[in-house]
Amino acid sequence: MTPTNQERIWQVIHAIPSGKVSTYGNVALMAGLPRQARAVGKCLSQLPNASKIPWHRVINAQGKISFPADSERYDKQKQLLQDEGVFFFNNKIKLRVYLWQGE
DNA sequence: CATTTGACTTGTG
DNA sequence: CCACAAGCCAAAT
């Protein structure tokens with residue numbers, strides 16, 4: 001079959017282990033789509049509510065959530081991450097510790 | 001087909 | 001650390 005970019009992205013995100021995170025750019029790269037960080041974001045924006053994709057494990061390159069810190073989505077993602085053992089330090093994630101770049 | 005948009009990234013000051 | 005600009009590229013309008 002002909003896997004769409006979106007499917008590759010899903011697969012990569014799905015491969016992110018619990019307790020780890022990855023950046024949009026990194027996901028794009030691992031999906032074989034260099035410089036398509038935005039496309040990754042767009043995909044996630046279209047994900048249904050009940051999607052099984054661990055979208056919360058995808059953050060931006062600054063180690064922060066790509067939502068305004070006062071939005072609902074922000075809190076939601078932060079909560080999910082903390083539930084998996086990813087803790088925040090001053091609203092930022094330590095990529096040094098949690099960034100997942102493959103096995 | 002031209003323009004805008006966006007859950008991005010990196011560099012500069 | 002924060003603000004702004006430029007780069008980048010697919011999908012939507």
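Just so it is clear, the structure is predicted and the values come from calculations on it, not from any experiment. Labels below follow one simple rule: chain letters A, B, ... track the order of the sequence lines, proteins then strands, and each chain is numbered from 1.
Side-chain atoms of A:L44 and A:Y24, non-hydrogen and from C-beta on, do get closer than 4.5 Å to each other.
Distance, A:N91 CG to C:dC2 C1': 15 Å, rounded to whole Å. Rounded to an integer number of Å, the gap from CD1 of A:I59 to C1' of B:dA7 is 12 Å. Protein atom CD of A:Q62 is 9 Å distant from nucleotide atom P of B:dC8, rounded to whole Å. Summarising the geometry, the separation between NZ on A:K76 and P on B:dA7 is reported as 18 Å, rounded to the nearest angstrom. One interatomic measurement links the two molecules: CD1 of A:I53 to C1' of B:dA7, which rounds to 15 Å at whole-angstrom precision. Counting to the nearest Å, the C1' atom of C:dG7 and the OH atom of A:Y24 are 19 Å from each other. Taking atom CD1 of A:I9 as the reference point, atom C1' of C:dA11 lies 12 Å away to the nearest angstrom. Distance CG (A:N60) to P (B:dG6): 17 Å, rounded to an integer number of Å.
A donor-acceptor pair is defined here as one N or O able to donate and one able to accept, closer than 3.5 Å; such a pair exists between the side chain of A:Q77 and the backbone of A:H56.
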Apply the test side-chain contact (heavy atoms from CB on, under 4.5 Å) to residues A:K76 and A:S71: give CA-CA distance (whole Å), side-chain angles for both, the deciding distance (0.1 Å), then the verdict. CA-CA 9 Å; A:K76 171 99 175 181; A:S71 73; over 6 Å; no

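A:K20 and A:E84 are not joined by a salt bridge, as no carboxylate oxygen comes within less than 4.0 angstrom of a charged side-chain nitrogen.
Residue A:K42 places no side-chain N or O under 4.0 Å from the OP1 or OP2 atom of C:dC9. Here A:Q46 does not reach the OP1 or OP2 of C:dA11: none of its side-chain N or O atoms lies under 4.0 Å away.
For A:W55, the side-chain atoms get nearest to B:dA7 when compared with the rest of B:dA7, C:dC9, B:dT9. Relative to the side chain of A:T23, the nucleotides B:dT9, B:dA7, C:dA10 differ in distance, and B:dT9 lies closest. Listed candidates were C:dC2, B:dA7, C:dA10. Nearest to the side chain of A:K64 is C:dC2. Listed nucleotides B:dC8, C:dA10, B:dT10 differ in distance to A:A37; the shortest reach to its side chain belongs to B:dC8. Checking B:dT10, B:dA7, C:dA10 against the side-chain heavy atoms of A:Q36 singles out C:dA10 as nearest.
Residue-level contact check: A:K92 touches the backbone only, with heavy atoms under 4.0 Å from sugar-phosphate atoms and none from bases.
Position along DNA chain B of the nearest nucleotide to A:G25 versus A:A39 favours A:A39 as the more 5'-ward residue.
Note that CZ of A:R8 and SG of A:C43 are 12.0 Å apart. Values are rounded to the nearest 0.5 Å.
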